[in-house]
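Numbers restart at 1 for each chain; the letters A, B, ... are given by sequence-line order, proteins then strands.
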Amino acid sequence: MNFELSEEQTLLKDSVTRFVSDRYELESRRQYIAEEAGFSADNWRQMAELGWLSVPFSEEHGGFGGGAADLMVVMEEFGKGLVIEPYLATVLLFGGTLAESGNAALQQALIPQIIDGSLHGALAFHERHSRYSFSQIDTRAEKTGSGYRLNGEKTVVLNGLAASKIIVSALDSSGGISLFLVDTDEPALQRTGYSLMDGQQVANIRLNGLALGSEALLGEAGGGADILSRVAVQALVALAAEAQGAMQVLLDTTVEYSKTREQFGVAIGSFQALQHRMVDMFASCEQHRSLLYRTVCSIDEDPSNRDEQDIAKNLHALKIMVGRAGKHIGAEAIQIHGGMGMTDELAVGHYVKRLMMINTTLGDADYHEQQFVELARK
Amino acid sequence: MNFELSEEQTLLKDSVTRFVSDRYELESRRQYIAEEAGFSADNWRQMAELGWLSVPFSEEHGGFGGGAADLMVVMEEFGKGLVIEPYLATVLLFGGTLAESGNAALQQALIPQIIDGSLHGALAFHERHSRYSFSQIDTRAEKTGSGYRLNGEKTVVLNGLAASKIIVSALDSSGGISLFLVDTDEPALQRTGYSLMDGQQVANIRLNGLALGSEALLGEAGGGADILSRVAVQALVALAAEAQGAMQVLLDTTVEYSKTREQFGVAIGSFQALQHRMVDMFASCEQHRSLLYRTVCSIDEDPSNRDEQDIAKNLHALKIMVGRAGKHIGAEAIQIHGGMGMTDELAVGHYVKRLMMINTTLGDADYHEQQFVELARK
Amino acid sequence: MDTNFSADDLAFREEVRAFLDAQFDDDLLALLRGPDGVKSGMVEWQRRLYKQGWVAPGWPKEYGGTGWSLTQKYIFETERALRGIPDVVPFGLIMVGPVIYTFGSAEQKQRFLPRILKSEDWWCQGYSEPGAGSDLAALQTKAERDGDEYVVSGAKIWTTYAQHADWIFCLVRTSQEGKKQEGISFLLIDMTSPGITVNPIHTIDSKHTLNEVQFDQVRVPLANRIGEENKGWTYAKALLEHERTAIAGVGDSKRKLSQIRTHAAQEKWGEGCVLDDPKFASRLAAIEVELMALEFTELRSLASAAVGKGPGAASSLLKLKGTEIRQSLDQLHMDLAGYYSGIAVEPGESWQTIGHEYGSDARVEFMYGRAATIFGGSNEVQRNITAKYVLGL
Amino acid sequence: MDTNFSADDLAFREEVRAFLDAQFDDDLLALLRGPDGVKSGMVEWQRRLYKQGWVAPGWPKEYGGTGWSLTQKYIFETERALRGIPDVVPFGLIMVGPVIYTFGSAEQKQRFLPRILKSEDWWCQGYSEPGAGSDLAALQTKAERDGDEYVVSGAKIWTTYAQHADWIFCLVRTSQEGKKQEGISFLLIDMTSPGITVNPIHTIDSKHTLNEVQFDQVRVPLANRIGEENKGWTYAKALLEHERTAIAGVGDSKRKLSQIRTHAAQEKWGEGCVLDDPKFASRLAAIEVELMALEFTELRSLASAAVGKGPGAASSLLKLKGTEIRQSLDQLHMDLAGYYSGIAVEPGESWQTIGHEYGSDARVEFMYGRAATIFGGSNEVQRNITAKYVLGL
C-alpha cells in the first residue's frame with residue numbers, strides 16, 4: 001500500500017507546477033481567453049513540447065502510456081491554475097474516443113497529430129434533451145448507398161470552435177448509438193460559438209444532412225455508447241483531479257484570507273464558528289482526495305486484479321463527491337471572503353465557476369448517484 | 001390576521017400548564033408509567049373533570065366542539081410535560097374514528113363514555129408490513145351469514161392494553177378497507193403488550209377468526225381508508241403541537257445549560273460555534289411553530305373558505321417538519337448537553353425519545369414528503 | 001387565531017391585482033429588459049406607483065404614505081412578487097426617506113421627500129468601507145468641519161447603483177473620541193460634488209451593480225447633516241430596523257419556486273421529466289416546506305407588530321432563513337439547468353439556438369444571490385445578534 | 001501509488017480469515033449474547049486471541065505484540081469488523097498497556113503486562129470528572145502524599161465498565177501550581193481498595209455501561225504511579241495519540257451499512273421494498289460514498305505513518321468523519337425500522353411476535369452512539385484542534 005508519487009510522477013508534477021506558476025496569473029488567463037481560439041496557442045505548443053499531450057496515449061500510438069495516476073498529477077496542477085487549454089476536449093475526449101474505437105488507420109493518422117499539438121478535436125455528445133445520458137439523443141444517422149447522412153443538433157460541444165475534427169454521436173436505424181468522425185469545414189455543418197462561465201469556448205453544432213463515407217464510422221455500428229463509457233473513465237478521473245486542485249486553492253486562499261482580514265478588531269479566522277466551517281471545508285477537500293486516490297488505484301491495478309465493477313463504483317462515487325465537495329467548498333469560500341468573494345478581480349469566483357462547470361460535465365452528482373444506486377442493485 | 005389566543009384558549013392553556021407543573025415532575029412520570037395501565041388513572045379522571053377529554057367532540061355528542069387551535073393549546077402543554085396519558089389513542093384516534101364514521105347509535109353510546117373518562121379505546125391500523133400506509137394490510141374480514149369473521153395481526157397498537165374497545169382495520173372481499181369495533185375481552189382476540197422507548201404501553205393484537213355481528217362495521221364497507229384520513233387531520237395537528245412543546249423545552253433547557261456549564265474557564269454558551277448552532281435550533285423551533293399555526297388556521301377557516309387541498313398540503317408539510325425539526329433539535333440538545341445528555345436522569349433523553357416516536361406515528365417525514373410531492377402533482 | 005381576510009381586505013386585493021395587471025404592462029417590461037432597464041425601467045414603474053399613491057406603503061400618510069394596514073401591505077407585497085414585479089429601488093424610498101422624515105429638519109423634509117416620492121432623485125447608500133464590512137462601526141471616512149461645510153475624504157465600497165445616483169447618504173467619522181459607534185455622523189451628499197469618483201466593481205455575476213465611491217476633499221454643507229453631529233449611528237440603526245420588513249423575500253422565493261417547478265416539468269428526462277425524479281421532487285419539497293413556514297414566520301411578525309407587541313423574537317430569523325431558502329432555490333435551479341447553467345450569453349443573443357432559455361438567468365441569480373448572505377449584515381453577524389439578544393447568550 | 005496487496009499479505013489474509021471463522025464460533029456468540037456477555041464473552045474471545053498471539057497487534061513484539069506491518073493490521077481489522085466481531089475491550093490492551101510499556105518501571109511492566117495480555121485483569125479509565133469533560137485538564141481529584149502512599153479523594157465520571165474492573169488508571173492532581181496541565185500524575189489503582197464506590201449511570205440506551213467512581217481517601221502505593229510525579233499529562237497525551245488508530249471505525253460502519261441494505265431489501269413497501277425507494281437509496285448512497293472516502297483517508301494515514309512521515313494532516317478527520325458517518329447510519333437504520341424502532345423489549349423476549357427483529361438493536365445503537373461525538377474529545381474539541389494545528393488558525 002503506497003500513496004506516494006513515483007520519481008517520474010514527481011518530475012512531471014514539478015514541471016506542470018512550474019508551467020502554471022510561470023504562465024497562469026489571473027491576468028494572463030484573461031488574455032488567453034480573449035484569443036480567437038479561446039485559449040493560448042503558445043501554451044498548447046509548450047504542452048506538446050513537454051510531452052503532456054501524449055500522457056494518456058499508449059506507446060504503440062506514440063504516447064507516454066501513462067496511467068490514471070499520471071493523468072491525475074497533470075490535471076491537479078492544471079486545476080490549481082485554472083488552465084483553459086482544451087486538454088480534456090482534445091486529448092481525453094476526442095483522442096480518448098479515437099483510442100477506444102479500435103480503428104487502427106485513423107488512430108495512426110490522427111493520434112500523432114494530437115500529440116504534436118497540430119490537431120484540435122472535440123467530442124459532440126450533448127443534445128438539448130439528452131441531459132446526462134449518452135443515449136437519449138435525437139441526432140440521426142441514416143444509411144445511404146455510400147455511407148451515412150447525419151441530421152440533428154449537438155449542444156455545448158467543448159472546444160467545438162477550435163476543433164478541426166469532431167466526433168459526433170448519432171442514433172442509427174437500429175436504435176443504437178454510433179460515432180462518426182466529421183470535418184468541421186463541411187458546409188452541411190454549422191457552428192454557433194459561445195462562452196461558458198468558466199471561460200471555455202464551446203459551440204452548438206447543427207448537422208444539416210451531412211453526408212459521410214462509411215469510413216467515418218468509428219468502431220462498430222451501434223457500439224458508440226460502450227465506447228463513450230470507456231472514454232469517460234479517464235475523463236472523469238481528469239475532471240476530479242482538476243477539481244482537487246481547484247478545491248485545494250480555494251481552501252488555502254480562504255484560510256489565508258481569514259488570517260489577515262480583520263473585523264471587530266481581530267482576524268476573522270479567530271472566530272470559532274468560521275474555524276469549524278473551515279475544518280469542514282478541509283474535510284471535504286481531503287475526503288475528495290481520498291476518493292480520487294481510491295479510484296486511481298483501482299484503475300491502475302494490475303490487469304490480473306482489475307475489477308471493472310469496482311472501478312465503475314469508484315468513478316460514480318468520485319463524481320458524486322466532485323459535485324458535492326465542490327459546491328460546499330465553493331459556497332463557503334465566497335461566504336468567508338465576504339464582499340471580496342463577490343468580485344471578479346479575486347480568483348475565488350473563477351475557481352467556484354470552474355467547479356460548477358466540472359460538476360455538470362459528464363453527469364452531475366445527482367445523475368451519478370442514480371447510477372451508483374443502480375450498480376449497487378446488481 | 002391574528003395569531004393571539006382567545007380568552008377562552010388562554011384559560012385552557014393556563015389550566016393545562018398548571019396540571020403539568022403540578023403533576024409532571026420526571027419522577028412522577030416514572031411512577032405513572034409503572035402503573036398497570038401504563039399511565040395514571042387519577043390523571044385521566046382529572047382530565048375528564050376539567051373537560052379536556054371533550055375538546056374535539058362536537059356539541060351534539062356532548063363535546064366542547066373545539067377546533068384545531070383548541071386542540072393545539074392542550075397538546076403543546078402536554079408536550080412540555082411529556083404527558084403519558086393516552087389522549088391521542090383514546091380521544092383522537094378511537095374517539096375521532098367514531099366521530100367520523102357516522103354511526104349515530106355508536107356515537108351516542110360511546111362518546112359520552114370517552115368524555116367522562118370511563119372508556120378507553122384504541123385504533124389498530126398498523127401491521128407488520130403496512131409501513132405507513134393505511135391500506136397496505138393483510139388482516140382480512142370475511143363476510144359470514146350474520147356478519148364478519150376477522151383474521152390477522154395488528155402491531156404497535158397505541159393504548160392497546162388498557163383499551164376495552166378497539167377499532168380494527170381489515171381488508172374486505174372487495175379489496176377495500178373496512179373498520180370494525182371489537183371488544184377486547186373476546187376470546188378470539190389475543191394481546192401481547194410491550195413498551196415503547198417513550199414509555200407508552202402498546203400491544204400487538206391477533207385476531208383468530210374473531211366473529212362479529214354486522215353492527216360492528218363502522219361507516220360504509222370499504223370506506224375505512226377515507227375515514228382514517230379524516231381522523232388523521234386532528235391527530236396530526238395534535239402530534240405536531242405536542243412536538244412543539246417538547247422542542248421548546250429542549251431548546252430552552254439547552255440554552256440554559258450552556259449558560260451554566262463551564263469548560264475551559266467559561267460558560268460553553270459563550271462559544272460562537274455553539275451559539276450559532278443554538279440559533280439554528282431556535283430557527284427550527286420557530287419555523288415549526290409557524291407551520292403549525294398555518295395548518296391550524298387552514299383547518300379552522302370559515303367553512304365557506306375551507307380548502308381541503310390546502311389543508312392536506314399543510315398537514316404533510318407539518319409532519320415533514322415535525323420529523324426533521326425534531327431530529328435536529330433532539331440531536332443538538334444531546335450533543336450540547338455532552339455526557340449529561342446521555343444520562344437517563346436528565347429529562348433531555350426522554351424528550352428526544354418522544355420526538356422520535358412522534359416522527360414515526362402516522363407516517364414519518366419521508367412518507368409525508370412523498371405524499372406532499374404527489375399532491376403537488378395533481 | 002385566524003388568517004381570514006376581511007371583506008375589505010379581499011376588495012383591496014382585487015384593486016391591487018387590477019392595478020398591477022394593468023400598469024405592469026408590456027411596454028414597461030420591454031423598458032426593464034432594455035440596456036438601461038434598471039434605471040429607466042424602474043423610474044417609470046415607480047412613477048406609475050406614485051401616480052396611484054402606492055409608491056411608499058411604509059411611509060406615514062402625512063409624508064405621502066398609503067395608510068395601509070399590515071394585512072394590506074402583505075397583500076400588496078404578495079401580489080407584486082407573484083407577478084415577478086421587482087420591488088422599488090430601496091435606497092431612497094425604503095432607506096433614506098424614513099431617516100429624513102424621522103430625524104431630518106423641516107427644510108430637509110421639504111427638499112428631499114417629494115423628489116424621492118416622484119423618483120426625481122436616485123439615491124445610493126454609503127455605509128460599508130474597504131476595512132469595515134460586517135463591522136460597520138469601524139468606518140474611517142472622515143468629515144472635518146471647515147466653516148459651514150464638512151470636508152469629506154475616504155472611500156465607500158459595495159455601493160449598489162452608485163453609477164446612477166444623484167445623491168448618496170453616508171456614515172462618516174466626525175470624531176475619534178469614545179467608542180467607535182460614537183463620533184459617526186449621517187450626511188447627505190450630492191453625487192455631482194467635485195472630488196467624488198465612482199469606480200465600478202465587476203462581480204461574479206458579470207453585471208455592473210456595485211461600485212467603490214471615493215471622496216477626495218468633498219465639500220458638504222452642514223445643512224446636509226441629518227440630526228446632531230456624532231449621532232449618526234443612532235439614525236442608521238433605526239433605519240436598519242426599518243429595513244427588516246419583507247427582508248424574508250417570501251414572495252420572490254415563491255415565484256422562483258414556481259418557475260423551477262414549471263421548468264422541471266418541461267425538462268425531459270428518460271421517459272418523463274425531471275420533476276418526476278423523486279430526488280429532485282424531494283429537494284423541491286423540502287425547500288417549499290421551509291418557505292411555507294417562513295411565510296407564516298413573517299406573518300406572525302407582522303401580526304405581532306400590528307397589535308403593538310413589536311415584531312417578536314422570530315423576526316430575527318427572517319433574513320437568515322429567507323436568504324438560505326433563496327440560495328437553495330438558486331442552487332436547485334442551477335442543477336436543473338445542468339450544463340446549460342454555465343452559458344454566458346450576451347443580452348440580445350438568441351437563446352433558442354443554444355440551450356434552455358432559463359439557464360443564463362439562473363446563473364446570474366445564483367451568482368448575485370451569493371451576496372444575500374454577505375451584505376446588509378452577514379448571516380454570521382445575524383446569528384451573533386440572535387444568540388445575544390434573543391437567546392441571551 | 002497503489003493498493004496492491006503482496007502475495008504475503010494475501011496469504012496472511014487467508015490465515016486471518018481461517019482463524020476468525022474457526023475461533024469466533026457459536027459457543028462464543030452465545031456467551032457474548034448472554035446476560036454477562038460483555039465480561040465473560042469478551043474475556044473468552046481475548047483469551048483465544050492471546051493463544052494465537054494476536055491479542056495485541058499494536059504492541060511491540062518484545063512485550064507480546066505481533067510485529068505486523070500496517071497493511072497486516074489493516075487486513076486483520078477489516079476482516080474482524082466485516083464479521084461483526086467486537087474489538088477487544090480497549091482499556092487494558094489499547095490504552096493502559098502502551099502507557100505501561102512506554103513509561104512504566106520494569107516492575108510495573110512485569111507485574112501488569114502479562115495479566116493484561118491474558119485478560120486476567122479488567123481495566124477501566126479514570127479521566128473525566130463531573131466538572132471536567134472536554135476540558136480534561138481541569139480535573140480536581142486530589143492525590144496527597146502520606147509516607148509511601150498517595151491518599152486519593154475525588155470522583156471520576158463516564159467510567160465505562162467500572163462495574164467489571166479490577167484496576168483503574170487515573171489522572172489525579174498532585175500539585176496546584178503552574179498551568180492546569182502541570183501538577184497531574186498518572187496512577188494505577190486497585191479497584192478493591194477501601195474507599196472506592198462505583199455508582200451506575202443509567203443512560204438513554206437503557207443499558208448499564210457507564211459509572212461514576214468515587215474515591216474517599218483511597219490509599220495507593222507510590223509504586224503504582226507511572227513515571228514522574230506531575231508529568232501524568234504527558235503520558236496521557238501520548239496515549240491519546242495511540243488511541244487514534246482505527247478510531248474511524250470504517251470496518252464497523254461498513255458492516256452496519258451492509259446490514260441496513262439487507263434489512264431495507266427485506267422491508268416491504270408498496271409493490272417493492274424500501275431499498276427501491278429512490279430517496280432511501282439516495283441517503284444510503286450518500287453515506288456509502290463518504291465511507292468509501294474515509295476508508296482511504298485512513299489508509300493514507302496508515303501508509304504515511306508506515307514510511308515514517310507521521311499520520312498526516314488528514315488523520316485529524318478520522319474521528320470527526322467516522323463518528324458523523326456512523327451517526328448517519330444509525331439514523332437511517334432507525335428510519336428504516338420506523339415505528340418498530342421504538343420497541344423497548346427486554347432481552348429474551350421474542351421478537352417475532354412484535355415487529356422487525358432489528359428495531360430494538362437499531363435503537364440501542366442509535367442511542368448509545370450519540371456518545372461517539374461527545375466522549376474521547378467531543379467533535380467540537382476535535383474541530384478546535386484541527387483548526388489550530390492543521391489550518392493554523
Quick check for you: among [options], which has the greatest number of heavy-atom pairs under 4.5 Å with chain C?
| options | result |
| --- | --- |
| B:E256, B:R377, B:E369, B:M278 | B:E369 |
| B:D280, B:L274, B:D300 | B:D280 |
| B:S270, B:A69, B:A365, B:A283 | B:A283 |
| B:D302, B:L251, B:T295 | B:D302 |

For atom [atom1] of [X], decide whether the heavy atoms of other residues, nucleotides or ligands shown that lie under 6.0 angstrom number more than 12.
| X | atom1 | result |
| --- | --- | --- |
| B:E7 | CD | no |
| B:E308 | CD | yes |
| B:E8 | CD | no |

Which atoms of [X] are under 4.5 Å from chain C, going by heavy atoms: the side chain, the backbone, both sets, or neither?
| X | result |
| --- | --- |
| B:E4 | both |
| B:V373 | side chain |
| B:N305 | neither |
| B:D252 | neither |
| B:F372 | side chain |
| B:S258 | side chain |
| B:R289 | both |

Closest non-hydrogen atom pair, [X] against [Y]:
| X | Y | result |
| --- | --- | --- |
| C:S316 | B:F282 | OG-CE2, 3.9 Å |
| C:A293 | B:S290 | O-CB, 3.2 Å |
| B:Y293 | C:R300 | CD2-CD, 3.8 Å |

pair [X]-[Y]: side-chain heavy atoms closer than 4.5 Å:
| X | Y | result |
| --- | --- | --- |
| B:M321 | C:M292 | no |
| B:R294 | C:T3 | no |
| C:K388 | B:Q275 | no |
| B:S6 | C:M1 | no |

C:K321/B:E286 salt bridge by N-O under 4.0 Å criterion: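 Looking at B:E286 and C:K321, the cut-off is not met.
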Could you tell me which of C:L320, C:L317, C:V390 has the largest number of non-hydrogen atom pairs under 4.5 Å with chain B?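 So the answer, after comparing C:L320, C:L317, C:V390, is C:L317.
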Best-contacting candidate, C:L284, C:D2, C:T386, C:L299, against chain B by heavy atom pairs under 4.5 angstrom: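 Among C:L284, C:D2, C:T386, C:L299, the one with the most close pairs to chain B is C:D2.
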Are B:V255 and C:L393 close enough, and set up right, to give a side-chain contact (heavy atoms from CB on, under 4.5 Å), and what steps lead you there? CA-CA 8 Å; B:V255 169; C:L393 291 166; 4.2 Å; yes
Spacing of [X] atom [atom1] and [Y] atom [atom2] [to the nearest 0.5 Å]:
| X | Y | atom1 | atom2 | value |
| --- | --- | --- | --- | --- |
| C:R383 | B:R277 | CZ | CZ | 12.0 Å |
| B:H316 | C:E288 | NE2 | CD | 12.5 Å |
| B:M281 | C:L391 | CE | CG | 9.5 Å |

Please look at [X] and chain B and tell me whether the side chain, the backbone, both or neither of the residue comes under 4.5 angstrom of a heavy atom of that chain.
| X | result |
| --- | --- |
| C:K309 | side chain |
| C:A265 | neither |
| C:A286 | both |
| C:D276 | both |

Please step through side chain to side chain donor-acceptor pair (under 3.5 Å) for the pair B:Q272 and C:N384, ending with a clear verdict. CA-CA 8 Å; B:Q272 193 194 30; C:N384 288 346; 3.1 Å; yes
